[in-house]
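Have a look at the structure below before the remarks.
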Protein chains: 2
Amino acid sequence: MSQSTDQSPERPAGRAVPTSADVARLAGVSRATVSYVLNNTSAVRISEPTRRRVREAAEELGYVPHAAARSLRAGHSRMVLLPTAHVPVGPLYSQFFNDFQWALRRLDYTVVQYGSVGMRAEEAARAWAELRPVAVVSLGEAELTAQGVEILKRSGARAVITLGTQNVEGTHALVMEQGRVGEVAATHLVETGRRRIGVVIPEEPGLDMFSGPRLEGARRAAEGTGATVVPLPLRYDEESARALAARWRDQDLDGVFAYNDEYAMLLMRALQDEGISVPGETAVIGADDLLLGRLLRPRLSTVAIDMVLGRELAELVDRAVREPDTAPLSRSLLDSRVVRRESS
Amino acid sequence: MSQSTDQSPERPAGRAVPTSADVARLAGVSRATVSYVLNNTSAVRISEPTRRRVREAAEELGYVPHAAARSLRAGHSRMVLLPTAHVPVGPLYSQFFNDFQWALRRLDYTVVQYGSVGMRAEEAARAWAELRPVAVVSLGEAELTAQGVEILKRSGARAVITLGTQNVEGTHALVMEQGRVGEVAATHLVETGRRRIGVVIPEEPGLDMFSGPRLEGARRAAEGTGATVVPLPLRYDEESARALAARWRDQDLDGVFAYNDEYAMLLMRALQDEGISVPGETAVIGADDLLLGRLLRPRLSTVAIDMVLGRELAELVDRAVREPDTAPLSRSLLDSRVVRRESS
DNA sequence: TTGAAAGCGCTACCAC
DNA sequence: GTGGTAGCGCTTTCAA
């Protein structure tokens with residue numbers, strides 16, 4: 001809005017952007033005919049010579065239809081909006097994410113990622129609503145309040161789907177049951193005889209939504225077994241790991257679930273440097289089943305997380321769009337299982 | 001296009017999406033006034049009571065302006081389109097990416113990521129052009145031909161910026177000089193007395209655009225020094241690494257630049273398992289300076305890559321948009337330096 | 001088989 | 001101060 005907004009006096013050498021009217025003029029037909037030809041409208045028959053003239057004119061001018069005008073006229077779009085606060089990291093997640101995008105594309109949706117870092121929940125929801133997406137799939141890092149959902153639905157979104165750990169009112173909640181990850185890890189440690197179990201909580205921001213439920217899951221698993229669970233804050237650097245390892249024996253820990261394989265590798269190295277034997281004195285288990293964990297000695301035990309297929313999820317989105325009134329679905333997106341190697 | 005496209009007979013319980021006309025009706029004013037108030041248009045003075053009535057009406061209806069209609073009217077948008085074929089991996093890249101998005105937002109652009117996996121170059125360019133972005137910043141994974149650039153510019157894009165390894169005609173090319181990475185790595189190996197230098201080439205798809213230039217850079221560095229460079233294809237799994245290590249002595253290699261730290265860790269483990277001492281018999285150097293590399297024994301030498309600030313790049317984009325006629329800028333986005341630890 | 005025209009939601013001129 | 005209204009580019013009904 002800061003620059004001159006009317007027409008385009010600052011458009012230089014390049015001639016103005018061609019519209020369907022330009023194509024019509026060049027082809028010597030009406031705009032209606034142009035539309036029919038370029039959209040292959042079946043309800044109307046256009047002679048082959050006309051079709052060719054229109055196509056050639058469009059080609060010559062480099063005509064590309066204006067999506068905004070089109071969806072304004074149609075009254076709806078097929079845009080699926082994916083708000084992302086942070087680009088998700090990790091091969092597991094990004095693989096899933098690519099599949100998901102690809103599958104939505106195949107279903108003829110336009111997938112648009114909208115980075116919403118540093119906006120408050122409601123403000124962000126308004127920004128998304130301005131784009132009039134047919135569906136919003138929140139990846140969970142971007143927060144979404146009941147109020148935000150209301151705004152989106154009022155502005156025409158036919159499906160709001162949250163893909164995370166929380167369960168927001170009025171949405172289809174696809175839950176990544178992070179608790180299960182902590183649960184299977186802790187169960188494994190308990191069953192192999194550990195009694196004082198640490199659970200690493202990353203201090204890095206943005207991970208709380210995973211680490212919290214994982215800790216809770218671990219607590220659940222320990223309940224009634226006589227084992228205790230101890231939260232262990234840890235920054236992802238060597239200094240922090242060293243400090244934690246130095247206090248290890250004071251805390252009398254004999255097992256640890258280290259949030260994921262990366263934190264596990266960091267901590268395991270620090271423990272070994274401190275002279276604490278793994279798995280003899282302390283068992284260590286990570287999560288994500290990274291290849292790198294297999295390269296350590298001892299090889300790192302881990303929780304493998306099987307994520308639902310992107311294609312499957314895309315179909316869920318499609319169904320939610322087509323039948324907005326079906327009961328909000330709520331389903332778990334991941335399954336967790338222990339892969340025992342040598343560190344536990 | 002597949003479903004009934006006119007009006008919205010399938011919109012159920014929820015009343016129709018409110019427009020500025022609805023707000024005007026409820027507030028008892030004209031649509032023009034609504035627009036003035038909600039946009040804080042300074043050229044026109046509206047009485048305070050009227051302003052309040054309009055605001056309350058908008059609030060009550062849950063009115064959110066329609067971005068497509070707005071930009072159609074304005075004749076331009078402030079959308080910056082970021083086509084992404086694959087979600088970029090690695091903390092370095094994603095940090096940069098987040099900064100970049102955030103900075104563009106601050107400059108009042110709407111940042112939209114458009115996943116274009118599985119489209120051919122020209123087809124993708126048309127899809128982007130339909131959205132009429134003011135700028136397109138290609139991350140390099142999505143290919144962009146001279147033809148594609150032409151389409152985008154014809155459809156009103158004021159800046160097309162490629163952020164990658166290639167230099168596409170007609171764009172502002174921000175080059176990530178991957179060659180430098182290979183060059184400093186190889187130089188380091190040569191200077192520390194290595195003569196038969198392997199360069200790992202990942203077999204995973206999508207990495208060629210990095211690995212190719214890195215290999216070339218290594219070749220450049222070796223030139224005239226008497227050292228030879230040997231390309232080593234490697235898949236990111238233990239089997240492939242084991243096979244490569246088994247052939248190691250036949251190839252008479254005494255140093256290797258392993259593409260990045262992850263491949264380096266994989267390979268180093270395989271070499272050690274094969275009884276090849278590192279760095280005694282063979283030096284190993286990776287790239288990216290991952291924390292995990294420091295945890296190995298020997299600690300992994302690496303090439304640290306300093307990426308330009310996202311904010312800086314966002315300003316470049318802004319300038320390119322405001323002055324589309326300035327000479328295409330071409331600048332290097334990264335600087336590389338060797339971090340020598342124990343593996344080389 | 002083709003054309004004329006209405007109208008999607010919005011903003012910015014020009015009257016009053 | 002406020003309202004009427006044209007028109008951005010497109011699709012689709014209705015008429016010819």
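Below, chains carry the letters A, B, ... as their sequence lines are ordered, and counting in each starts from 1. For clarity, every value in this text was computed on a predicted model and none was experimentally measured.
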>> With a 4.0 Å cutoff (strictly under), does any side-chain N or O of A/Tyr36 reach OP1 or OP2 of D/dT13?
In response: no
> Over how many whole Å does the gap from B/Arg78 atom CZ to C/dT11 atom P extend?
Replying inline: 16 Å
>> Closer than 3.5 angstrom, by distance alone: can the side chain of B/Lys153 be matched with the main-chain N or O of B/Gly170 as a donor-acceptor pair?
In response: yes
>> Rounded to whole Å, please give me the gap between CD in A/Glu130 and P in C/dG9.
In response: 15 Å
>> Below the 4.0 Å mark, does C/dC10 have OP1 or OP2 next to a side-chain nitrogen or oxygen of B/Ser71?
In response: no
>> Using OP1 and OP2 only, check whether a side-chain N or O of B/Thr33 sits under 4.0 Å from D/dG3.
In response: yes
>> If I take atom CG in residue B/Leu131 and atom P in nucleotide D/dG9, what distance separates them, rounded to the nearest angstrom?
In response: 16 Å
>> Go nucleotide by nucleotide along DNA chain D from the 5' end; which of A/Leu72 and A/Thr41 gets its closest nucleotide reached first?
In response: A/Leu72
> For the side chain of B/Ser30 and the backbone of B/Thr33, is there at least one donor-acceptor N/O pair under 3.5 Å apart?
Replying inline: yes
> Are B/Ile151 and B/Glu122 close enough, and set up right, to give a side chain to side chain contact (heavy atoms under 4.5 Å, CB included), and what steps lead you there?
Replying inline: CA-CA 8 Å; B/Ile151 291 174; B/Glu122 200 192 319; 3.7 Å; yes
>> What is the separation between atom CZ on A/Arg53 and atom C1' on C/dG3, rounded to the nearest whole Å?
In response: 14 Å
>> When you measure from the side chain of A/Arg158 to the backbone of A/Val321, do you find a donor-acceptor pair of N or O atoms at a distance under 3.5 Å?
In response: yes
>> What contact category does A/Thr50 fall into here, base, sugar-phosphate, or nothing, at under 4.0 angstrom with non-hydrogen atoms?
In response: sugar-phosphate
> Is it true that A/Arg78 and A/Asp108 have a side-chain N and a carboxylate O under 4.0 angstrom from each other?
Replying inline: yes
> Rounded to the nearest Å, what distance is computed from the CG atom of residue A/Asn39 to the P atom of nucleotide D/dG9?
Replying inline: 17 Å
> OP1, OP2 of C/dG9 versus side-chain N and O of B/Thr19: anything below 4.0 Å?
Replying inline: no
> Which of these passes side-chain contact (heavy atoms from CB on, under 4.5 Å) with B/Tyr114: B/Leu82, B/Leu131, B/Val136, B/Thr84?
Replying inline: B/Leu131
> Which is true for B/Val29 with a 4.0 Å heavy-atom rule: it touches a base, it touches only sugar-phosphate, or it touches nothing?
Replying inline: sugar-phosphate
>> Rounded to whole Å, please give me the gap between CZ in A/Arg25 and P in C/dG3.
In response: 14 Å
>> Using the side-chain heavy atoms of B/His66, tell me which of these nucleotides is nearest: C/dG9, D/dG4, C/dT11.
In response: C/dG9
>> Between P on C/dA12 and CZ on B/Arg31, what's the gap in Å once rounded to a whole number?
In response: 13 Å
> How many Å lie between NE2 on A/His76 and C1' on D/dT11, as a whole number?
Replying inline: 11 Å
> At under 4.0 Å, does any side-chain N or O of B/Ser20 touch on OP1 or OP2 of C/dC10?
Replying inline: yes
> Does A/Arg70 place a side-chain N or O at less than 4.0 Å from the phosphate oxygens OP1/OP2 of D/dT11?
Replying inline: yes
> What does A/Ser35 touch in the nucleic acid at a heavy-atom separation under 4.0 angstrom: a base, only the sugar-phosphate, or nothing?
Replying inline: base
> Starting at the 5' end of DNA chain D, which residue's closest nucleotide do you reach first, B/Ala69 or B/Arg45?
Replying inline: B/Arg45
> Where the side chain of B/Arg73 is concerned, which of D/dG1, C/dC10, D/dC10 is the nearest nucleotide?
Replying inline: C/dC10
